[in-house]
Amino acid sequence: MLKEDGEGYGIAGATPKELRNRAWTLPDMVPMLPGEGFASEVDIAPDEVIERSTWEPGCPVSRQELAWVRMTFWGFDGARHTGEMLINARVAEDVVGVFRHLYEARFPIEQMGITTKAALDAPPTGDGNGTGGFVCRPSVGQTSFSQHAYGLAIDINTFQNPYVKGDRVIPELARWYLDRDRKAPGIIHSGDEVVQAFADIGWEWGGDWNSLKDYQHFSENGT
């Protein structure tokens with residue numbers, strides 16, 4: 001666990017050698033979808049999925065508006081994997097189209113999953129590397145809801161693509177990846193296949209922001 005600052009965020013530190021050029025693949029959280037290529041399934045999120053997510057009364061989107069999406073992706077091990085996410089049902093098919101494109105481009109993802117309440121409330125470890133959508137939480141350092149809380153934002157490979165504003169880096173041990181000239185697998189670069197796939201559905205990238213950089217983040221309204 002990391003030391004925390006006055007706002008409850010972990011204090012950023014140097015990236016350990018074993019976390020540089022990170023190229024792990026974690027176990028799948030859901031059963032493999034059938035077939036050999038890209039596959040997806042989209043359903044209105046069932047109760048058991050909602051119950052293990054961060055949704056609760058007072059979130060800015062109703063549980064009926066959230067879709068449960070399962071999709072295949074390429075891991076850093078070069079193998080086909082299956083993950084899941086919650087996303088606003090209104091944009092689910094567009095999001096599936098994005099991840100179909102990333103699959104065809106063989107862009108590697110460490111793990112795709114749904115954020116749980118326990119994970120959201122856990123002390124910072126600084127080494128997380130998730131890919132997912134819905135999280136009922138405020139924007140970093142603010143009191144207003146993040147676009148994740150509406151199911152209208154997605155983060156990809158958070159460790160290879162950290163958030164940075166001043167001295168704050170999230171994940172806190174990902175400083176090595178602030179050098180965006182690096183070509184290590186899983187990094188998102190301006191104009192690459194990831195940025196373009198989201199641009200094709202009208203979503204914007206946090207790596208283009210000026211006051212801060214959120215290299216992992218894509219959202220429908222650009223915030």
Side-chain angles (χ1 to χ4, degrees), residues 22-55 61 63-116 119 128-136 146-161 185-188 192-206 215-220:
R22 181 169 176 165
W24 307 338
T25 302
L26 300 182
D28 292 355
M29 307 297 289
V30 292
M32 178 71 75
L33 290 175
E36 297 182 354
F38 180 81
S40 65
E41 292 184 0
V42 180
D43 296 294
I44 295 300
D47 289 346
E48 66 89 13
V49 173
I50 293 293
E51 288 167 3
R52 59 185 170 85
S53 77
T54 58
W55 189 91
V61 65
R63 57 192 294 166
Q64 292 80 16
E65 293 175 277
L66 292 173
W68 180 40
V69 181
R70 282 85 72 217
M71 296 180 285
T72 52
F73 63 91
W74 287 105
F76 286 90
D77 57 358
R80 181 179 185 263
H81 293 268
T82 298
E84 62 174 345
M85 69 170 62
L86 286 174
I87 198 73
N88 194 299
R90 177 172 60 78
V91 300
E93 292 300 331
D94 281 346
V95 166
V96 168
V98 167
F99 282 89
R100 177 186 295 275
H101 183 91
L102 300 191
Y103 185 92
E104 292 170 351
R106 298 184 72 98
F107 180 84
I109 292 172
E110 183 170 307
Q111 186 178 53
M112 182 189 297
I114 294 171
T115 300
T116 64
N129 197 23
T131 292
F134 173 78
V135 189
C136 192
S146 163
Q147 288 300 297
H148 287 284
Y150 297 86
L152 297 173
I154 290 174
D155 289 340
I156 295 180
N157 287 345
T158 55
F159 198 84
Q160 281 99 348
N161 303 290
I187 294 180
I188 299 167
D192 72 4
E193 65 272 9
V194 185
V195 176
Q196 186 58 54
F198 278 101
D200 287 346
I201 65 167
W203 286 35
E204 299 181 31
W205 179 43
Y215 295 110
Q216 63 200 249
H217 182 85
F218 295 88
S219 63
E220 184 185 52

Trainee: Return yes if some donor-acceptor pair links the side-chain N/O of Ser40 with the main-chain N/O of Val96 below 3.5 Å, else return no.
Mentor: no
Trainee: Within a strict 4.5 Å, meaning less than it, do heavy atoms of the Phe76 and His81 side chains meet?
Mentor: no
Trainee: Hey, is the main chain of Cys136 close enough, under 3.5 Å, to the side chain of Thr54 for a donor-acceptor pair?
Mentor: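 Checked: pair present.
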Trainee: So do the side chains of Asp94 and Trp203 get within less than 4.5 Å of each other, counting heavy atoms only?
Mentor: no
Trainee: With distance as the sole test, does Asp77 use its side chain to make a donor-acceptor pair with the main-chain N or O of Ala79 at under 3.5 Å?
Mentor: yes
Trainee: Shortest non-hydrogen contact from Thr72 to Gly37?
Mentor: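 The pair with the smallest heavy-atom distance is OG1-O, 3.6 Å.
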Trainee: Is there side-chain contact between Phe73 and Arg80, with heavy atoms separated by less than 4.5 Å?
Mentor: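 They are not in contact (no side-chain heavy atoms under 4.5 Å apart), so the answer is no.
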Trainee: Should the pair Arg90-Glu220 be classified as a salt bridge under the 4.0 Å nitrogen-to-oxygen rule?
Mentor: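 The answer is yes: the pair qualifies as a salt bridge.
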Trainee: Is the shortest side-chain heavy-atom distance between Trp55 and Leu66 below 4.5 Å?
Mentor: yes
Trainee: Any side-chain donor-acceptor pair under 3.5 Å between Asp155 and His148?
Mentor: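 Side chains of Asp155 and His148: pair found under 3.5 Å.
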Trainee: Using a distance-only test with no angle check, is there a side-chain donor-acceptor pair under 3.5 angstrom linking Glu65 and Asn88?
Mentor: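 No donor-acceptor contact under 3.5 Å links the two side chains.
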Trainee: Could you give the distance from OG (Ser146) to CZ (Phe134), rounded to the nearest 0.5 Å?
Mentor: 10.0 Å
Trainee: Distance from Phe198 atom CZ to His217 atom NE2, nearest 0.5 Å?
Mentor: 10.0 Å
Trainee: Count the heavy atoms of every other residue, nucleotide or ligand shown that sit under 6.0 Å from CD of Glu48, and state whether that count exceeds 12.
Mentor: yes
Trainee: Between Ile188 and Gln216, is there a side-chain heavy-atom distance shorter than 4.5 Å?
Mentor: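 A side-chain contact under 4.5 Å is absent here.
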Trainee: Nearest 0.5 angstrom please: Ile50 CD1 to Trp68 CH2, how far?
Mentor: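 Answer for the CD1-CH2 pair, Ile50 versus Trp68, is 11.0 Å.
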Trainee: What's the spacing between Ile109 CD1 and Thr131 OG1 if we round to 0.5 Å?
Mentor: 5.0 Å
Trainee: Please verify the inter-ring angle class for Trp205 with Phe218; under 30° counts as parallel, over 60° as perpendicular, anything in between as tilted.
Mentor: parallel
Trainee: Check this for me: does any side-chain nitrogen of one of Arg70 and Glu41 sit under 4.0 Å from a carboxylate oxygen of the other?
Mentor: yes
Trainee: After noting the C-alpha distance and the side-chain angles of Val42 and Glu93, does the key distance pass the side-chain contact (heavy atoms from CB on, under 4.5 Å) rule?
Mentor: CA-CA 8 Å; Val42 180; Glu93 292 300 331; 4.0 Å; yes
Trainee: Going from CZ on Arg52 to CD1 on Ile114, what distance comes out if it is rounded to the nearest 0.5 angstrom?
Mentor: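 Between Arg52 CZ and Ile114 CD1, I get 4.5 Å after rounding to 0.5 Å.
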Trainee: Taking all non-hydrogen atoms of both residues, which atom of Ala153 and which atom of Ser219 are closest, and how far apart?
Mentor: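 Where Ala153 meets Ser219 most closely, the heavy atoms are CB-CB, 3.9 Å.
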Trainee: Quick check on Met32: does its CE atom have over 12 non-hydrogen neighbours (other residues, nucleotides or ligands) under 6.0 Å away?
Mentor: yes
Trainee: Does Thr82 use its side chain to pair, donor to acceptor, with the backbone of Leu33 at less than 3.5 Å?
Mentor: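 Yes.
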Trainee: So among Asn129, Thr158, Asn157, which one has a side-chain hydrogen bond (donor to acceptor under 3.5 Å, both in side chains) with Glu110?
Mentor: Asn129
Trainee: Working to the nearest 0.5 Å, report the span between CG of Leu102 and CD of Glu193.
Mentor: 7.0 Å
Trainee: Between Met112 and Phe99, is any pair of side-chain heavy atoms under 4.5 Å apart?
Mentor: yes
Trainee: What heavy-atom pair brings Ile87 and Gly151 nearest, and what distance separates the two atoms?
Mentor: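 Shortest heavy-atom separation between Ile87 and Gly151 comes out as CD1-O, 3.1 Å.
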Trainee: Given Ile154 and Met85, is the side-chain contact (heavy atoms from CB on, under 4.5 Å) satisfied, shown in steps?
Mentor: CA-CA 9 Å; Ile154 290 174; Met85 69 170 62; 4.0 Å; yes
Trainee: If you draw the axis of the six-membered ring of Phe159, does the NZ or CZ of Arg22 fall within 45° of it and under 6.0 Å from the ring centre?
Mentor: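 The answer is yes; both the distance and angle limits are met.
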Trainee: I'd like to know if the side chain of Asp200 pairs up with that of Gln196 as donor and acceptor (distance under 3.5 Å, no hydrogens or angles considered).
Mentor: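 Gln196 and Asp200 do have a side-chain donor-acceptor pair below 3.5 Å.
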Trainee: Test Phe107 against Trp74 for ring-ring contact (aromatic ring centres under 6.0 Å, His included), laying out the working first.
Mentor: CA-CA 7 Å; Phe107 180 84; Trp74 287 105; over 10 Å; no
Trainee: What heavy-atom pair brings Pro185 and Pro108 nearest, and what distance separates the two atoms?
Mentor: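 Nearest pair, atom of Pro185 first, then Pro108: CB-CG, 4.1 Å.
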